[in-house]
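Input: a single structure, listed below in structure tokens.
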Amino acid sequence: MVATRQNALGAALRCAWCGAGLELGSERVAGVVECDACGASTTAPWPSEDDLDHAYAGWYRPADGRFAGAGDALLRWSRGRLARRIDRIAPAGAVLDVGAGDGALLDALRARGRGAVGLERPAGAGSPRQANERPGVRLVEIDEIDEPFAAVVFWHSLEHLRSPAEYLERAGALLEPGGVLIVAVPNAASVQARAFGERWLGLDLPRHLVHLPLPALVARLRELGLTVERVSHLRGGQVVFGWLHGLVGTLPGGLDLYDAIRRPAARRKATSGAVRAATLAAALLLLPLAAALALAEAAAGHGGTVYVEARRG
């Protein structure tokens, strides 16, 4: 049995993905412990509900949107693109969006004539709740849902869950025959994750509780009896931006590109106009390099995010 030590909450730390015991003290990146059994990493110390409530405070997703300029419109366009993809590959029927966020995917699916249900954790459970009052969003755990779905989507939400493997298993059971499970997550085995370490955009502590390498995700999907039909290192979002954010962060001055592209109310800390302008200018200059690096890591099969489609037989 793998030796364990007590985490800050007084319980033995276990892998959030496979449940194996973890040994603190050998972290490659501060704040996460890698599991020898499955290769996934777990945030340590494991955050309390109060920690997560603070991490998901109002700035994380304010009611008037997160991004400056055309950012929110671009986000909704990308959700519309995902809705078109789901409409092409899933059988007829409703779609479950686990972690519905601001409801953009729900709106896009309904615009295409699809039934769509969003799932958010109940208040106090430590997950984004901006979608709580939107039509069709349920504040329940996934095991409280029992109707079948043509598709279930985890779009950058699986890594936020306290029991991600259990959620994935239940989602697979909710699929109709021929239904599709769609998962997009940061890839902990990516080149950019290794290059940037604690500064990697996809780390996002303490909100991201599990940090998955692609093999661990694919192995679990196959264990659930699903057929993995597509793996993409480009469709999962944040691929180029992950590099761009990391590269800008290496410059003097502690520049934070993710904050710079957000609305003032959605920033983690106040930023002067001069600093924001310098950050955006640096990003513009580094964009060609970031794009080239993103394409190279995707071609090597180690993209910064991974997008996976798996079908129930």
Side-chain angles (χ1 to χ4, degrees), residues 15-18 22 26-44 74 78 82 154-160 164 182-222 228-252 254-261 279-280 282-310:
C15 175
W17 188 241
C18 75
L22 298 176
S26 59
E27 295 88 339
R28 179 179 59 82
V29 175
V32 298
V33 182
E34 186 172 343
C35 177
D36 292 333
C38 71
S41 296
T42 297
T43 294
L74 180 62
S78 71
L82 176 60
F154 291 86
W155 188 266
H156 290 277
S157 59
L158 192 64
E159 62 271 26
H160 290 261
I182 295 174
V183 181
V185 292
N187 181 13
S190 65
V191 177
Q192 60 183 255
R194 298 281 178 176
F196 298 125
E198 296 172 28
R199 293 184 292 102
W200 179 43
L201 179 69
L203 197 62
D204 197 21
L205 302 176
R207 286 168 290 273
H208 290 185
L209 301 175
V210 65
H211 311 271
L212 293 172
L214 176 60
L217 174 60
V218 169
R220 180 56 59 92
L221 292 170
R222 289 173 175 160
V228 176
E229 294 187 336
R230 182 171 187 179
V231 174
S232 171
H233 293 268
L234 291 174
R235 291 187 64 94
Q238 304 176 11
V239 181
V240 174
F241 188 79
W243 276 107
L244 195 56
H245 175 82
L247 290 170
V248 169
T250 65
L251 300 176
L255 304 181
D256 188 328
L257 180 59
Y258 190 54
D259 256 10
I261 67 170
T279 304
L280 296 176
L284 185 62
L285 291 173
L286 289 167
L287 180 58
L289 176 59
L293 289 168
L295 289 174
E297 73 171 354
H302 297 289
T305 63
V306 291
Y307 168 93
V308 180
E309 296 170 357

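Just so we're clear, the structure is a prediction, and the values are computed from it rather than from any experiment.
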Minimal heavy-atom distance between Glu309 and Ile182, with the atoms involved, is CG-CG1, 4.2 Å

Is the closest side-chain heavy-atom distance between Val240 and Leu287 below 4.5 Å? yes

Interatomic spacing from OG1 in Thr250 to CZ in Arg199 - rounded to 0.5 Å: 6.0 Å

Look at the side chain of Thr279 and the backbone N and O of Leu255, then say whether any donor-acceptor pair between them is shorter than 3.5 Å. no

Output yes when a side-chain donor or acceptor of Asp256 lies under 3.5 Å from a complementary backbone atom of Asp259, and no otherwise. yes

Would you say the side-chain atoms of Thr305 pair up with the backbone N or O of Gly237, donor to acceptor, closer than 3.5 Å? yes

Sequence neighbours excluded, the answer for side chain to side chain donor-acceptor pair (under 3.5 Å) partners of Glu34 is none

What are the two closest heavy atoms between His156 and Val185, and how far apart are they? CE1-C, 4.0 Å

Taking atom CD of Gln238 and atom OG of Ser78, what is their separation to the nearest 0.5 Å? 10.0 Å

State which residues pass side-chain contact (heavy atoms from CB on, under 4.5 Å) with Ala37; sequence neighbours excluded, sorted by chain then number. Cys18, Ala20, Cys35

What pair of heavy atoms forms the shortest contact from Leu280 to Leu257, and how long is it? CD2-CD1, 4.1 Å

Are any non-hydrogen side-chain atoms of Glu159 and Leu212 less than 4.5 angstrom apart? no

So does Phe154 get a backbone contact from the side chain of Ser157, meaning a donor-acceptor N/O pair under 3.5 Å? no

Report yes if the side chains of Trp17 and Leu158 come closer than 4.5 Å at any heavy-atom pair, otherwise no. yes

Among residues at least two apart in sequence or on other chains, which ones pass side-chain contact (heavy atoms from CB on, under 4.5 Å) with Arg194? Arg28

Between the main-chain N or O of Arg207 and the side-chain N or O of Thr43, is there a donor-acceptor pair closer than 3.5 Å? no

Is it the case that the side chain of Asn187 and the backbone of Gly303 share a donor-acceptor pair, with hydrogens and angles ignored and the cut-off at 3.5 Å? yes

Hey, what do you get for OG1 (Thr42) to NE2 (His208), rounding to the nearest 0.5 Å? 14.0 Å

Quick one, Leu293 and Leu247 - any side-chain contact, counting heavy atoms below 4.5 Å? yes

Atom of Gly236, atom of Tyr307 and distance for their closest heavy-atom approach: N-CB, 3.8 Å

Kindly give the heavy-atom pair with the smallest separation between Glu297 and Gln192, and that separation in Å. OE2-NE2, 2.7 Å

Heavy-atom distance under 4.5 Å between the side chains of Phe241 and Ile261, does that happen here? yes

Determine, step by step, whether Leu214 and His233 satisfy the side-chain contact (heavy atoms from CB on, under 4.5 Å) criterion, reporting the C-alpha distance in whole Å, the side-chain angles of both residues, the deciding distance to 0.1 Å, and the verdict. CA-CA 10 Å; Leu214 176 60; His233 293 268; 3.8 Å; yes

Test side-chain contact (heavy atoms from CB on, under 4.5 Å) on Leu286 and Trp243; report intermediate values, then the result. CA-CA 9 Å; Leu286 289 167; Trp243 276 107; over 6 Å; no

Between CZ on residue Arg220 and SG on residue Cys38, distance to nearest 0.5 Å: 7.5 Å

Nearest non-hydrogen partners of Val239 and Ala294, listed with the distance: CG1-CB, 3.7 Å

